[in-house]
Asks: 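Once you've had a glance at the structure underneath, I'll fire off some questions.
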Amino acid sequence: MGVRAVASKIWVFLRDRVGLHGLGFVLSLVVIAFAATVLYRMLHNLKLSDVMDALAAKDPRNVIIGFLLVAGAYLTLTFYDWFALRTIGKDHVPYRIAALAGFCSYSIGHNVGFTVFTGGSVRYRIYSAWGLGAIDVAKICFVAGLTFWLGNIAVLGLGITIHPEAATAVDRLPPFINRMIGIGALAVLAGYITWVSLAPRTIGRSSWFVTLPRGRTTLVQVGIGILDLTLCAAAMFMLMPSTPYIDPVSLAVIFVTATLLGFASHAPGGLGVFDAALLAALPQFELTEMVGALLLFRLFYYIVPFALSLTLLGARELSLRFISRTQAPAGPDGSAAAHTGAAIEAGTEPGIQSAAKTAATTATTTATTTTTKSTAKSAAE
């Protein structure tokens, strides 16, 4: 009873004084610290020259295929946003904008960490130009996140059911228990698809609610998530050492599990956590070759997309500033021009700019008509 009472008091103190968000932050620090300790123990005797030799020994064909698979995974990520926009009824936003928002939000979120906040900020900057508000962006983040988790449940559930020993390499649970977890995950996924198929389902309240996709559309949603994870795991498979052999399903289970651990840690790019999980789960491979494979994967999946997304966003901001200086229409009293210029400066896209120009033109025409009628009336009097 004494131990329980002390534990209860500690929990109450943490819940009331630290808060659940604070507990999550502390847990993230614990996971990162544990991963850093594991990495240090495994890598402190590693020589950089050995890693460089392992990189030089990589088959160029496999490296190129790995890069193309990562590119395919990022292409799939753009459909997360496109699907979410259609789900919440924002069909006027074209695919090219969904692709820009999806690619930039995920590539920046992956590297900075706290994807929900960083990715949401990038999305808002892009989508606000098309008339979407903060609530709309929150809905997009929710649907995109649901797509991610449904894909994870499908891949892990199927993979763990087929090869439970692969999950055992990460979580150290007996294969029988892991197989039961995999079957349970597939049962939950099937139950969810059945649930949304029977009737329209809504999540949220008041002004914030999302109508979930129905059965067939949910299967498309699951397919997008599966394709994304499969391409990523396939890229890692191509970058792995050639010996000893590991089957693709087992590697996919280990890869996705390590990815989820890195995601849960909120560390930028899952740095340390993702790597430690993979290295610990695959001790049969030569350490220098594994480190080389991880470095290549990080280059392809994190660094290159991050640099490209920053370039795209920077070019977009410069082009919008140029448009605001050269295409702002002038009204008779300057008010319409000021309104349009402010809209463009806030980051409008061509469709919104056209609407602003139309409004400015209408205001000018109305003012001219009013002036003409007044002049005619005065002349008649």
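We number each residue from 1, following the sequence as shown. None of the values given here were measured: they were computed from a predicted structure.
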Asks: Hey, could you give me the CG/CG distance between L299 and L294, rounded to the nearest 0.5 Å?
Replies: 12.5 Å
Asks: Please name all residues satisfying side chain to side chain contact (heavy atoms under 4.5 Å, CB included) with T202, sequence neighbours left out, ordered by chain then number.
Replies: F209, T211
Asks: Passes side-chain contact (heavy atoms from CB on, under 4.5 Å), I193 versus L150? Steps please.
Replies: CA-CA 10 Å; I193 295 174; L150 290 175; over 6 Å; no
Asks: Tell me, please, which residues at least two apart from W149 pass ring pair (Phe, Tyr, Trp, His ring centres under 6.0 Å).
Replies: F263
Asks: Rounded at 0.5 Å granularity, tell me how far CG in N152 sits from CG in L260.
Replies: 4.5 Å
Asks: Got a sec, which pairs hit side chain to side chain donor-acceptor pair (under 3.5 Å) with one end in residues 171-185, sequence neighbours left out?
Replies: T168-N178, D171-N178
Asks: How many angstroms lie between atom CG of L312 and atom CD of E317, to the nearest 0.5 angstrom?
Replies: 12.0 Å
Asks: From S250 OG over to F255 CZ, what is the distance, rounded to the nearest 0.5 angstrom?
Replies: 15.0 Å
Asks: Rounded to the nearest 0.5 Å, how far apart are CD1 of I97 and CG of L85?
Replies: 10.0 Å
Asks: Which heavy atom in A258 sits nearest to a heavy atom in A277, and how many Å separate them?
Replies: CB-CB, 3.7 Å
Asks: Indicate yes or no: at least one non-hydrogen side-chain atom of R125 is less than 4.5 angstrom from one of R316.
Replies: yes
Asks: When clusters are formed by joining ILVMFWY residues with side-chain heavy atoms under 4.5 Å apart, either directly or through shared neighbours, do F300 and L310 land in the same one?
Replies: yes
Asks: Got a sec, which pairs hit salt bridge (charged side-chain N to carboxylate O under 4.0 Å, His left out) with one end in residues 186-198, sequence neighbours left out?
Replies: none
Asks: Partners of Y124 by side-chain hydrogen bond (donor to acceptor under 3.5 Å, both in side chains), sequence neighbours excluded?
Replies: none
Asks: Which heavy atom of I254 sits nearest to which heavy atom of A166, and what is that distance?
Replies: CG1-O, 3.5 Å
Asks: Under the 3.5 angstrom rule, does the side chain of S107 hit a backbone N or O of F103 as a donor-acceptor pair?
Replies: yes
Asks: Tell me, please, which residues at least two apart from T78 pass side-chain hydrogen bond (donor to acceptor under 3.5 Å, both in side chains).
Replies: Y95
Asks: Considering only heavy atoms from C-beta outward, does the side chain of L212 approach that of Y192 to under 4.5 Å?
Replies: yes
Asks: Measure across W130 and H92 and return the closest heavy-atom pair with its distance rounded to 0.1 Å.
Replies: O-NE2, 2.9 Å
Asks: Minimum heavy-atom separation for G66 to A235, with atom names?
Replies: O-CB, 3.6 Å
Asks: How close do D136 and I88 get, heavy atom to heavy atom, and via which atoms?
Replies: O-CD1, 3.8 Å
Asks: With a 4.5 Å limit on heavy-atom distance, are the side chains of I64 and M238 in contact?
Replies: no
Asks: Do L261 and F274 come within less than 4.5 Å of each other through their side chains, counting heavy atoms only?
Replies: no
Asks: To the nearest 0.5 Å, tell me how far L77 CG sits from C104 SG.
Replies: 11.5 Å
Asks: For residues I177 and M180, determine if any side-chain heavy atom of one lies less than 4.5 Å from a side-chain heavy atom of the other.
Replies: no
Asks: Would you name the heavy atoms of D81 and A98 that are closest together and state the gap between them?
Replies: CB-O, 3.7 Å
Asks: If two hydrophobic side chains count as joined below 4.5 Å and joins carry through other members, does V249 share a cluster with I246?
Replies: no
Asks: Mind checking whether L219 and L189 sit in one hydrophobic cluster, side chains of I, L, V, M, F, W, Y counted as touching below 4.5 Å?
Replies: yes
Asks: Let me check something: any side-chain donor-acceptor pairs from residues 222-232 under 3.5 Å, sequence neighbours excluded? List them with distances.
Replies:
from : atom 1 : to   : atom 2 : distance (Å)
D228 : OD2    : Y80  : OH     : 2.9
T230 : OG1    : I226 : O      : 2.7

Asks: Can a cation-pi geometry be assigned to R123 and Y106, taking NZ or CZ under 6.0 Å from the six-membered ring centre and within 45° of the ring axis?
Replies: yes
Asks: With hydrophobic residues grouped by side-chain heavy-atom distances under 4.5 Å, do L156 and I162 end up in a single group?
Replies: no
Asks: Evaluate M290 against M240 for side-chain contact (heavy atoms from CB on, under 4.5 Å), listing each step before the verdict.
Replies: CA-CA 7 Å; M290 277 299 301; M240 289 287 292; 3.5 Å; yes
Asks: Measure the shortest side-chain to side-chain distance between D59 and V63 over non-hydrogen atoms and say whether it is less than 4.5 angstrom.
Replies: no
Asks: Could you walk me through whether L251 and H163 satisfy the side-chain contact (heavy atoms from CB on, under 4.5 Å) test, starting with their C-alpha distance in whole Å, then the side-chain angles of each, then the deciding distance to 0.1 Å, before giving a yes or no?
Replies: CA-CA 10 Å; L251 180 62; H163 287 292; over 6 Å; no
Asks: Are K139 and T87 side-chain neighbours, meaning at least one heavy-atom pair lies under 4.5 Å?
Replies: no
Asks: Under a 4.5 Å cut-off applied to non-hydrogen side-chain atoms, are V253 and V155 in contact?
Replies: no
Asks: Write out all pairs satisfying side chain to side chain donor-acceptor pair (under 3.5 Å) with one or both partners inside residues 60-74, taking only residues at least two apart or from two chains.
Replies: Y74-H110
Asks: Quick one, Q221 with V143, criterion side-chain contact (heavy atoms from CB on, under 4.5 Å). Give me CA distance, side-chain angles, the key distance, then yes/no.
Replies: CA-CA 9 Å; Q221 186 179 19; V143 176; 4.1 Å; yes
Asks: T257: which residues meet the side-chain hydrogen bond (donor to acceptor under 3.5 Å, both in side chains) condition with it, sequence neighbours left out?
Replies: none
Asks: Should I140 and I135 be counted in the same cluster of Ile, Leu, Val, Met, Phe, Trp and Tyr side chains packed under 4.5 Å apart?
Replies: yes
Asks: Is F176 atom CZ crowded by more than 12 heavy atoms from other residues, nucleotides or ligands, each under 6.0 Å away?
Replies: no
Asks: Using the ring pair (Phe, Tyr, Trp, His ring centres under 6.0 Å) criterion, which residues pair with F237? Sequence neighbours excluded.
Replies: none
Asks: Taking only residues two or more places apart in sequence, or in another chain, which ones meet Y301 in a side-chain hydrogen bond (donor to acceptor under 3.5 Å, both in side chains)?
Replies: none
Asks: Using side chain to side chain contact (heavy atoms under 4.5 Å, CB included) as the criterion, list what pairs up with T161, not counting sequence neighbours.
Replies: I183, L186
